[in-house]
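Taking it in order: structure first as C-alpha cells, then the write-up.
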Amino acid sequence: MLFSNFGDIFDVRHFITSLRDEVRIVKRLPKRFDTTNSSIILEMPPVSWSDEKYYLHQILPLFSKYKVIHFNKADARLANNGISTELQLVRCRVNFHALKFTPQIEALGNKLVQKLRDKGSFVALHLRYEMDMLAFSGCNHGLNPEESEELKRMRYAYPWWREKEIDSKAKRSEGLCPLTPEETSLVLKALGFQKDTLVYIAAGEIYGGEKRLEPLRTAFPKLVRKEMLLDSEALRQFQNHSSQMAALDFIVSTASDVFFPTYDGNMAKLVEGHRRFLGSRKSVLLDRHKLVELIDLYNGKTISWENFTSSVQEVDRGSVVQPSCRRKLENKPKEEDYFYANPHECLANSSLCTGTKDTVIAR
C-alpha cells in the first residue's frame with residue numbers, strides 16, 4: 001500500500017477557506033525558514049489529552065526560541081473534556097464542515113451509496129478482520145498455528161508495536177478483539193437481521209480471504225464490497241492507497257441505515273460521531289466482553305439458540321446510540337467517551353450537557 005498525504009484525501013482549498021476566520025493555514029513553510037536548521041525548528045510530540053492551558057503556557061512560549069514547532073505526533077493530543085466551549089466549537093467546525101473529501105473520493109463514495117440505495121436499505125458492517133489489525137492486537141481466535149505465527153512475525157517486524165507477546169485468549173475474553181466473521185454472523189442473526197439483509201463490508205482485505213468469509217456469506221448471501229459494486233477502472237486510482245479506500249467506506253458507513261462495527265477503533269468512533277451529528281442514525285455498539293461469553297456457550301452447546309438469541313438481544317438493548325452527554329472520568333482520559341465519537345457540543349441538543357451532572361468519578 002502507498003502512503004497518502006492530507007491533500008490526497010481531503011479538499012485542501014475547502015479546508016483552508018472554511019477556517020480562514022479561525023486560523024491562518026499555509027500549504028508550505030515560507031522559504032525564509034531553513035528546514036535543515038535545527039536551531040529554528042523544534043520537533044516534538046505534544047503531551048496527550050492536554051487542555052488549552054498546556055498549549056498556552058507550555059507550547060506558546062517555545063516560539064520565543066524557535067520559529068517553527070513541528071508536532072510529529074498529533075493523535076489524541078487534545079483532551080476530550082475540560083475544554084472551553086469556544087475551542088470545542090472550533091473542533092466541530094473542523095470535523096463536520098472544514099474536512100471534506102476530495103471531489104474524486106466524494107463522487108465515487110456517493111456512487112457507491114446510490115448503488116446500494118437502489119437495492120434497498122443496507123447495513124454497513126465494519127468488519128475489522130484485516131491482517132494488520134489482528135497482528136497489532138494479537139487476536140488469533142479461530143486461526144490455525146501457521147496463521148497465528150504469521151501474525152506474530154508481522155507484529156515483531158514493526159518496532160513501534162510495543163506489545164509483542166500477547167495472550168490472545170485473555171484479550172478476547174476482555175472484549176479487546178474484533179469479532180471474527182463467524183462470530184459476526186451469529187450476532188447479526190441473533191439480533192434479528194434476516195437472510196436477505198443487504199450487508200456492505202466496510203473494510204480492507206479480510207485475513208483469509210473468501211474462505212474466511214464463508215460463514216458470513218452463507219448467513220447473508222447479499223454480502224457486497226466496493227470491489228463488487230464498482231468496475232476496476234473506477235477503483236484503480238485508489239486501489240493501492242488504504243486511507244483513500246477507507247474514505248470510500250467512511251462515506252458508505254455514514255450513509256447506511258445501520259452501522260455495525262465489530263471493533264471500536266478510530267474508524268468506528270469517527271463514523272459513530274458523524275452519525276450522531278447527522279441525527280443519531282442507528283449505530284450498534286457491541287459489548288464484546290459479554291458477547292464472546294455467550295458465543296462460546298452457544299458453540300459449546302451449553303445454551304440453546306433461543307437462549308443465545310434472547311441473551312444477545314438483552315446485551316444489545318443499551319448498545320444502540322442515542323443522544324447523550326459525553327462520559328467524563330477524572331484522571332482517566334483514555335477511558336472517557338471520545339470527543340469524536342460523541343461530540344455533544346456539536347449537536348442541536350448540546351445545551352443539555354452544560355454543567356457537571358454528567359461527570360463520573362472513577363473509583
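Salt bridge E182/R212: absent, no basic N to carboxylate O contact under 4.0 Å. Ion pairing of E272 with R276 is present here, as a side-chain N (NZ or NE/NH1/NH2) and a carboxylate O approach within less than 4.0 Å.
In this structure, L235 CG and N240 CG are separated by 11.0 Å, a value rounded to the nearest 0.5 Å. Atoms CG and CD1, from L89 and I83 in turn, are 12.0 Å apart once rounded to the nearest 0.5 Å. Distance check, rounded to the nearest 0.5 Å: CZ of F10 to OG1 of T102 gives 9.5 Å. To the nearest 0.5 Å, atoms CG (L176) and OG (S137) are separated by 9.0 Å. To the nearest 0.5 Å, atom CG of residue N140 and atom CD of residue E147 are 9.5 Å apart. Expressed to the nearest 0.5 Å, how far CG of L108 lies from CG of L230 amounts to 5.0 Å.
The disulfide (SG to SG under 2.5 Å) contacts involving residues 189-232 comprise nothing, where partners must be two or more places apart or lie in separate chains. The side chain to side chain donor-acceptor pair (under 3.5 Å) analysis of residues 260-270, with sequence neighbours excluded, yields the pairs D264-R288. Sorted by first and then second residue, the side chain to side chain donor-acceptor pair (under 3.5 Å) pairs with a member in residues 186-204 read Y200-D249; sequence neighbours excluded. Pairs engaging residues 51-60 under the side chain to side chain donor-acceptor pair (under 3.5 Å) rule: E52-S84 [sequence neighbours left out]. Residue pairs meeting the disulfide (SG to SG under 2.5 Å) criterion with at least one partner in residues 29-118, sequence neighbours excluded, are C92-C346. Sorted by first then second residue, the ring pair (Phe, Tyr, Trp, His ring centres under 6.0 Å) pairs that include residues 104-151, not counting sequence neighbours, are F136-W161. Sequence neighbours left out, not one pair with a member in residues 209-255 passes disulfide (SG to SG under 2.5 Å).
For the pair I59 and I69, the tightest heavy-atom approach, listed with the atom from each and the gap, is O-CD1, 3.9 Å. Between P261 and A268, the shortest heavy-atom distance links the atoms CB-CB, 3.7 Å. For L223 against M228, the heavy-atom pair with the smallest separation is O-CE, 3.5 Å.
The one candidate from T180, V187, L188, L186 that meets the side-chain contact (heavy atoms from CB on, under 4.5 Å) condition with T184 is L188.
Listed for the H14 side chain is a donor-acceptor partner under 3.5 Å among the backbone atoms of H97. Not one N or O on the side chain of R155 forms a donor-acceptor pair closer than 3.5 Å with the backbone of E165. A donor-acceptor contact shorter than 3.5 Å links the side chain of Q313 to the backbone of A190. With R172 contributing its side chain and C177 its backbone, the two residues share no donor-acceptor pair below 3.5 Å. Checked by atom type and distance alone, the side chain of K328 never pairs as donor or acceptor with a backbone atom of E336 at under 3.5 Å. Of the possible polar contacts, one joining the D287 side chain to the K290 backbone as a donor-acceptor pair under 3.5 Å is found. A donor-acceptor pair under 3.5 Å links the side-chain atoms of Q88 to the main chain of N80, judged by distance alone.
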Report the C-alpha distance between S256 and R275 in whole Å, list the side-chain angles of each, state the deciding distance to 0.1 Å, and finish with yes or no for side-chain hydrogen bond (donor to acceptor under 3.5 Å, both in side chains).
-> CA-CA 9 Å; S256 64; R275 290 173 70 84; 3.1 Å; yes
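R326 and N81 are linked by a side-chain donor-acceptor pair at a separation below 3.5 angstrom, with hydrogens and angles left out of the test. A donor atom on one side chain and an acceptor atom on the other are not found under 3.5 Å apart for Q239 and R236. If you check the side chains of Q114 and N110, you find no donor sitting under 3.5 Å from an acceptor.
Not counting sequence neighbours, E163 has no partner by the salt bridge (charged side-chain N to carboxylate O under 4.0 Å, His left out) test. Under the rule for a salt bridge (charged side-chain N to carboxylate O under 4.0 Å, His left out), the partners of R77 that lie at least two apart in sequence or sit in another chain are D75. In this view, E130 and R128 satisfy the salt bridge (charged side-chain N to carboxylate O under 4.0 Å, His left out) rule, not counting sequence neighbours. Scanning for side-chain contact (heavy atoms from CB on, under 4.5 Å) contacts around Q244 gives S4, D8, I9, I105, F238, H241, with sequence neighbours left out. Legend: residues meeting salt bridge (charged side-chain N to carboxylate O under 4.0 Å, His left out) with E306, ordered by chain and number and at least two apart, are absent.
Around atom CG of N331, no more than 12 heavy atoms belonging to other residues, nucleotides or ligands sit under 6.0 Å away. In K73, the NZ atom is not crowded: 12 or fewer heavy atoms of neighbouring residues, nucleotides or ligands sit closer than 6.0 Å. In this structure, Y158 places its OH atom where only 12 or fewer heavy-atom neighbours from other residues, nucleotides or ligands lie under 6.0 Å away. More than 12 heavy atoms of other shown residues, nucleotides or ligands fall within 6.0 angstrom of atom NZ in K171. The number of heavy-atom neighbours closer than 6.0 Å to CZ of R117, taken from other residues, nucleotides and ligands shown, is above 12.
Below 30°, between 30° and 60°, or above 60°: for F308 and W305 the angle between ring planes is between 30° and 60°, a tilted geometry. Taking the six-membered ring where tryptophan is involved, the planes of F15 and F6 are perpendicular, since the angle between them exceeds 60° and thus also 30°.
When the side chains of ILVMFWY residues are joined at heavy-atom separations under 4.5 Å, either directly or via intervening members, I166 and L151 end up in two distinct hydrophobic clusters. When the side chains of ILVMFWY residues are joined at heavy-atom separations under 4.5 Å, either directly or via intervening members, L294 and F193 end up in a single hydrophobic cluster.
Counting heavy atoms from C-beta outward, Y298 and S311 have side chains that stay 4.5 Å or more apart. The shortest side-chain heavy-atom distance between F339 and L78 does not fall under the 4.5 Å cut-off.
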